[in-house]
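As the structure lists them, so they are numbered: ligands from 1, and atoms in each ligand from 1.
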Amino acid sequence: MFQKDTYVERRKILKNKVGAGIILLFGNDESPMNYTDNTYHFRQDSTFMYYFGINHPGLAAVIDIDNNKEIIFGDDYTIDDIVWMGPQASIADKAALCGVKKVMPAKALGSALDKHKKVHFLPLYRPENKIKLFELLNVRPAAVLSSYSLDLVQAVVSQREIKSYEEIEQLHQAVNVSVDMHVAAMKYIRPGMTEAEVAAEIHKVALAAGGNISFPIIATINGQTLHNHYHGNTIKDGDLFLVDAGYENQMCYAGDLSSTIPVSKKFSPEQKEIYQITLSAHQAAIDALELGQPFKNAHMAACTAIFDGLKAMGFTKGSTSDALETGAHALFFPCGTGHMMGLDVHDMEDLGEVWVGYNGQPKSTQFGLKSLRLAKPLCAGHVFTIEPGIYFIPELIDLWMGQGKFREFINWDKVNSYRNFGGIRNEEDFVMTDKGACLLGKPKPKSIDEVEALRG
Ligand code: GLY
Ligand code: MN
């Protein structure tokens, strides 16, 4: 945990921002896999973690703004639990560490909610917490997304999106271990292994560092599938292997990196050419990062570099700006250049992308641009990823080619000849500062020479 004052100060700011009423924040419960005592890895709710720092299941908190009261609700382990689990700190001890003096049993939560006052709650995503909300306030699970407090969402986003110095330190550490996970994969992959063996090698580094992974590992020879969590293929000479994996440290801060690795130790000439375009797009996005300017500029810079690079190779043609306007480039890059990162790998995605990435402005509905999670002007303290890629997706090629789409921008015969090429992505993490964007963590090997050198 951070020092007590950090949490006291965060809650004080939250109370001022929300202004009046009662704030109700749920921590997460244990989540059973197949019976109650056989649970998944416990993950605390990130907003609860931000305001209270207690990484413990089964808690909720009430912040009564009008009466300036803060209470944590939860039940201490019994002697029966302790026989099986070993000694456990009391909830009162944990609450004291974040500056909360009052704790009450879980069943007392209802009595702390004055039904005549506005009760602010967040857009809950766990079924257990939706059920609790129903029992407390009679809000049906299906109604949560239409009745949460927008004031609370906006207040939380405005605080959590600006990372403090002590948070940046945590993020540097999480990214450093993430780099180690990627370097381990770069050294390890050999033809004949399964993708699962590589995923295990990556996971081992995260577990050995004392934390865990920040999202399910992507370790695949089918990198053209953006979020491919299948690990059942055997790796062959000539394959491109895409890794997208990050570390989550003990404080729940995330790293998120991607790498693309030549299984045959050296990239083929075709792989080198496309890889080099993704590096140009990566640098173009970084060069476009500017304090006070929209992150969307970085995305458009990456799209331009991808379209132009592919034009030089004969895949695309025509006016680049017209192609980007119509969305033709999304054939190769159907997603966004980056997203916020912090206590969540996609930071605060549970609170709504339109607030986290767009300051409440509507998102584009165009294929490709609609998947850009961050577009708004950058402030000092924003932490985000840069992850442009080039993907040859056979299903999308077949669909659009069959529809005769974008004939003025796409050379379909050339594209079709690369239909089994796969996908390439690199990803790094940055913090915006008053002096410009700074890389988080140590540099990840990314150039062709750096990656090939690690292939032994
Ligand atoms: N690294 C997973 C993602 O950015 O979606
Ligand atoms: Mn990412």
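Restricting Glu387 to its N, O or S atoms, the one at the least distance from the Mn ion (ligand 2) is OE2. Sorting the N, O or S atoms of His339 by how far they are from the Mn ion (ligand 2) puts NE2 first. The atom of Glu427 nearest to the Mn ion (ligand 2) is OE2, with the search restricted to N, O or S atoms.
Classified by interplanar angle (parallel below 30°, tilted 30° to 60°, perpendicular above 60°), the ring pair Phe333/His299 is tilted.
The shortest N or O to N or O distance between Asp244 and ligand 1 is below 3.5 Å.
For the pair Lys204 and Glu201, the salt-bridge criterion is met [side-chain N within less than 4.0 Å of a carboxylate O]. Of the charged side-chain nitrogens involved, none lies within less than 4.0 Å of a carboxylate oxygen, so that Arg126 and Asp45 do not count as a salt-bridged pair. For Arg160 and Asp344, the salt-bridge test passes: some basic side-chain N is under 4.0 Å from an acidic carboxylate O.
Partner Leu331 forms a side-chain contact (heavy atoms from CB on, under 4.5 Å) with one of Phe367, Phe409, Phe392, Trp412 and no other, that one being Trp412.
The protein heavy atom nearest to atom 3 (C) of ligand 1 is His346 NE2, 3.0 Å.
The Mn ion (ligand 2) has Asp256 among its coordinating residues (N/O/S atom, backbone or side chain, under 2.8 Å).
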